[in-house]
Amino acid sequence: MNEIRLLFRKDILILINNIKLILRNPLRLLPYAGILAYIFFMYYLRLKDRGDEAPAQEMPELDLNGLPEVNFAMQNIVGGVTILALGLLIYQLYSATKNNVSFFKMADVNLLFTAPVKPENILIYYMARSILPSLGGAIIFVIYGASQAIDTFEMTVANFIFLILAFALFFFIVSPIKFLVYTLNTKYDVMEYIRSGVIALAVLLVGIIVVPGLMAEKFWQGMFAWITSPWFDFFPIVGWSRGIASYLVHGNAIISIGFILLYGVSYFVILKLVIRFAGYYYEDVLEATKSNEEKLEKVKGKKQVGESSYSLNTKKKLALPDFGTGAKAFYWRNYVHSSRQDFHPLFGLYSLIMVAIGLVLAVLSLFEWFSHYFLYGYLLIMLFLYFFAGIGRANVGDLKKPFFILVPATWAAKFWNMIKLDILQISLFCVALIVPSVLIAGLNWFIVPLFLFATIEVYLIGFGINIIPQIALDEGWDRKLIKPFMIGGIVLFGFVPAFAFSIVSFIVSKQFVWALFGGTFGMFFVAAILMHVTLDVLKQLEFKEI
């Protein structure tokens, strides 16, 4: 107990030192203050609207004894959220069969692992401490989500607490389970059995969706019949979190507390098993800890992780054409890197999977198993993915290196060749996805060019958000604070007006194509401004390391 108390005191001292650093420069809190002001402003608007309008009717309870009496709108909302949680759980379980999880940092490896402290106490403390990031993320998510839904649900203190616990416990329990899986494999070499079990579970869950869908008159009416029923609340982790969050509907604290206790019992059992089988775990977590540290340094631009990271064809022999000289060298560099990452530099495995999912949705909508709105929603998800792909562009650290500055070419040519491969990949993906989908589902053909332009626009917007702070600011803390501030400003003054224009276009025309046109038209100006700022910043580059 004294050792755990000492570890707790160490974290308290670190927290105090961080608070002192913030107090020395309070201006760093301005972006976060702006975000909080926006959330409270949304609360004010929602509460004002709710006070002006008549009391909203209570949502009808789900009655799943007979499908014709089901509120399909609510069933699809609950089912969609459940499917997302199940998909995340299956992915995390499967990833546990590939890589270990670590609760530590390299500083812990270098200091705590060599300290005269029992390994069991270190593991118990850090495993329990891992709930703090999950709890913090859940608080932020619930507060923001409540600001959007406060006019629909009565957000009491109890509602907040149960919602926060539902999200926090779901994300918290995953890491100990992944650690236990890897621990059992280290001791008994059972990874293949665990992997087969995860795959069997995924197939079973797919059957739970497909079978009632095939039995119903329309597939989309029955696909969520089982997973939205009350008995599914007892499904481990996903169902438990849903049972906790369902306090918003039934208001019965005993039921939600019961699911919280299930989480507590599960964590106690997992902790006992980990302590029983982990043994001398230092060597097992060392590789995962080092890998996590390298990823963080890569995001910060401090360290370039080797080209082999996340690559499928690291040892592949390449026979590449002569691309030329000058700025084309940057296109060649990206082409080589992409060739080693996937089976083809322009169209890879992940692109093929996403195209296949879109075609399946198009075929199902053709046979009226799905509404066209599911396909439209999938297209919007692709836009969000490419927006975050632009934000996550990793190799912008090369922009301040001498080889980028000394290449004898114009700044525009360098910038174009740097993003040329990305634009080609996006274009091929969009054409492969949208053309067959429009043809199969019988959609408006104007969706084809609009979706292509919109995808390129959102990628360039995300890329601009990433690149401008990286090359314009020298201090790491400034880059960390400016990027979320830029994202908030672009969302408020760029995406929100474009989204509003899309909604108005959809209400007037009742067609998705005009809604997509409104959003594409609005985002064009945001992308153009960011690209203009990016070129101006590039022209002011100097020999500096970032």
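Side-chain atoms are counted along with the backbone in the values below, which use heavy atoms only and exclude waters and symmetry mates.
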Looking only at heavy atoms, which two atoms of [X] and [Y] are closest? And how far apart?
{"X": "Leu433", "Y": "Leu359", "result": "O-CD2, 4.3 Å"}
{"X": "Ser241", "Y": "Phe170", "result": "OG-CB, 3.3 Å"}
{"X": "Ile143", "Y": "Phe160", "result": "CA-CE2, 4.4 Å"}
{"X": "Ala168", "Y": "Ala138", "result": "N-CB, 3.7 Å"}
{"X": "Val174", "Y": "Gln92", "result": "CG1-CB, 3.5 Å"}
{"X": "Ala454", "Y": "Leu516", "result": "CB-CD1, 4.4 Å"}

Is the Phe172-Tyr263 ring centre distance short of 6.0 angstrom?
-> no

Give, for atom [atom1] of [X] and atom [atom2] of [Y], the distance between the pair rounded to the nearest 0.5 Å.
{"X": "Asp11", "Y": "Leu15", "atom1": "CG", "atom2": "CG", "value": "8.5 Å"}
{"X": "Ile254", "Y": "Leu261", "atom1": "CD1", "atom2": "CG", "value": "11.5 Å"}
{"X": "Ile237", "Y": "Leu93", "atom1": "CD1", "atom2": "CG", "value": "6.5 Å"}
{"X": "Leu262", "Y": "Ile257", "atom1": "CG", "atom2": "CD1", "value": "12.5 Å"}
{"X": "Tyr459", "Y": "Leu385", "atom1": "OH", "atom2": "CG", "value": "13.5 Å"}
{"X": "Met523", "Y": "Thr455", "atom1": "CE", "atom2": "OG1", "value": "8.5 Å"}

Listing, residues 194-216 side-chain donor-acceptor contacts under 3.5 Å, not counting sequence neighbours, or none:
unit_1 : atom_1 : unit_2 : atom_2 : d
Arg195 : NH1    : Glu192 : OE1    : 3.3
Arg195 : NH1    : Glu192 : OE2    : 2.7
Arg195 : NH2    : Thr97  : O      : 3.0
Ser196 : OG     : Glu192 : O      : 2.9

Evaluate the ring planes of Phe429 and Tyr386, with Trp represented by its six-membered ring, and classify them as parallel (under 30°), tilted (30 to 60°) or perpendicular (over 60°).
-> tilted

Residues 118-140 vs ring-ring contact (aromatic ring centres under 6.0 Å, His included), sequence neighbours excluded, gives Phe104-Tyr126

With Tyr378 via ring-ring contact (aromatic ring centres under 6.0 Å, His included) - residues at least two apart | none

Applying ring-ring contact (aromatic ring centres under 6.0 Å, His included) to Tyr193 and not counting sequence neighbours gives none

Counting only N and O atoms by type, is there a donor-acceptor contact under 3.5 Å from the side chain of Ser130 to the main-chain atoms of Met127?
-> yes

Of Asp233, Thr82, Ile83, Val81, the one forming a side chain to side chain contact (heavy atoms under 4.5 Å, CB included) with Val238 is Thr82

For Ser246, all residues meeting side chain to side chain donor-acceptor pair (under 3.5 Å), sequence neighbours excluded = His250

For a 4.5 angstrom cut-off between non-hydrogen side-chain atoms, does [X] reach [Y]?
{"X": "Leu169", "Y": "Phe259", "result": "no"}
{"X": "Phe224", "Y": "Ile227", "result": "yes"}
{"X": "Phe232", "Y": "Leu86", "result": "yes"}

Name the one of Trp240, Phe162, Phe141 that satisfies ring pair (Phe, Tyr, Trp, His ring centres under 6.0 Å) with Phe167?
-> Phe141

side-chain contact (heavy atoms from CB on, under 4.5 Å) filter on Ile16, not counting sequence neighbours, yields Ile12, Lys20

